[in-house]
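Comments concern the structure below.
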Amino acid sequence: MASFKFEAMDTTGTEVKDSVDAATEEEAQQKIRQMGYFVTKITQVAAKKGGKDKKKGGKKKRGFTIGGVSGKALCTFTRQFSTLQDAGLPILRSLRILEGQMKNGILKYAIADVIEDVESGSTLSEAFGKHPKCFDRLYVNMVKAGEAGGALEVILQRLADFKEKAQTLKRKITGAMIYPAVVIFVAISILVFIMIFIIPKFEKIFKDFGMKLPTLTLFLMATSRWVSTYWYVLPLIPLTFWLLLKLLRMSRTGGYVLDRMYLWIPVVGGLIEKTAIAQSTRTLGTLVSSGVPILEGLAIVKATCTNQVFERLYQRVYESIREGDTIVQPLRESKLVDDMVVNMIDVGEETGDLDTMLNKVADIYEEEVNILVESLLSLLEPIMIVFLGGVIGGIVIALFMPLIGMLEGLSK
């Protein structure tokens, strides 16, 4: 017989901690249910010596983890947590249920720490705030607002909706980039194969016949020899470019210049601009509707901006609000947002319905982002076809020009 420690809830919702002897965990759960309890956590107790060691050790031993939490995992957790809270379950019980069904990882370990902190008397927002890799500033402040207003279940539902919409937008943009990336990679691989294995055979044929080659063919042969000799340089080119961008981003000025240049790129710049506006207005609208003060909301929006041009814009908006002015003036002066957006926010400020207007702006811009993504894909396809057709056509012409010359010589 083994001993099992358990935590459960009785019919009145009171938490019960006790132990029961049973041969298996299933038998232990059955015994606990027969007592009239609902099991939330059950663990097999080791030998007494091991139990003493556990008390001394404090927290449970955990596996090694690396990286952060995926947006999908956090989105799922938030939605499930909001559902459990809406059903009226206590916070600790909800967290224990969610922790029990998670796979080992950084989020599961963070939830275990949150449970311990809440049991020790910390608020939920304070416990979440100790794990910035899992719960960002936006998340913590919204939970804090929900605790202060006594409407945590409503705030969690809004937070879950926000996370799901942000995840959907990100997934659409990422998914749209996969197709052209794969096509470009395959096309480059085919061209490298032709340069390394096909063209050298033609070069040998031309040398055997002692033919005089045209300039285009000589250039193609020289390119083939370079690729065959220095093929390892090809993957270093995008890597070097990426490192250069990273180095530029290490300085505030360099990062701002890069972000400004991105906005000037046709189609792509519009996509970046509209995505930034959609994300920032959605964030601010969600924060304001959750009861977070406007200045704190703007500080969070500024901190979560991935584009420094918009980060500076929201800094100006923050300073304008702090000095007693409106949100609209800095937005209008920036020329980064459409007049429609400025007018909608202006109406929102006048009517005291700013959060609704911000969310409507986010809805409009998310729809425009979807249209732009489709337009970008439609534009990329013919560009790639023309480029690849031109390259392959140039290779064919360069290889057949000497052959045509040889055939003309033989026919004379």
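Start at 1 with the first residue, then count along the sequence. Keep in mind the model is a prediction, meaning the values are calculated, not measured.
- Between L354 and E349, some side-chain heavy-atom pair lies under the 4.5 Å cut-off.
- Ionic pairing of K165 and E366 is not present here: no N-O contact between side-chain nitrogen and carboxylate oxygen is shorter than 4.0 angstrom.
- Partners of R158 by side-chain hydrogen bond (donor to acceptor under 3.5 Å, both in side chains), not counting sequence neighbours: none found.
- Nearest heavy-atom pair, G297 versus V292, reported as atom, atom and distance to 0.1 Å: N-CG1, 3.9 Å.
- Take F185 and apply the ring-ring contact (aromatic ring centres under 6.0 Å, His included) test, not counting sequence neighbours, and it matches no residue.
- A pairwise comparison of heavy atoms in Q85 and S94 identifies NE2-OG, 2.9 Å as the closest pair.
- Between K130 and D113 there is no salt bridge, since none of the side-chain N atoms of the basic residue sits less than 4.0 Å from a carboxylate O of the acidic one.
- Closest heavy-atom contact between L313 and P330: CD1-O, 3.8 Å.
- No side-chain heavy atom of R171 sits less than 4.5 Å from a side-chain heavy atom of T174.
- Between Y232 and Y230, the ring planes are perpendicular. Angles over 60° get that label, and only those under 30° would be called parallel.
- Annotation for M340: atom CE counts as buried by contact number, over 12 foreign heavy atoms lying within 6.0 Å.
- Side-chain contact check for T281 and Y365: no donor-acceptor pair (N or O, by modelled atom type) lies under 3.5 Å.
- For W231, the ring-ring contact (aromatic ring centres under 6.0 Å, His included) criterion is met by no residue, not counting sequence neighbours.
- For R252, the side-chain hydrogen bond (donor to acceptor under 3.5 Å, both in side chains) partners two or more places apart in sequence, or in a different chain, are E311.
- Take F197 and apply the ring-ring contact (aromatic ring centres under 6.0 Å, His included) test, not counting sequence neighbours, and it matches F193.
- Under the 4.0 Å criterion applied to side-chain N and carboxylate O atoms, D325 and R332 are not assigned as salt-bridge partners.
- Between R249 and D259, at least one side-chain nitrogen of the basic residue sits less than 4.0 Å from a carboxylate oxygen of the acidic one, meeting the salt-bridge criterion.
- Y139 is linked by a ring-ring contact (aromatic ring centres under 6.0 Å, His included) to F128, F135, counting only residues two or more places apart in sequence or in another chain.
- Checked by atom type, the side-chain pair E333/Q329 shows a donor-acceptor distance below 3.5 Å.
- Among the candidates I277, I272, L271, the single residue satisfying the side-chain contact (heavy atoms from CB on, under 4.5 Å) test with T275 is L271.
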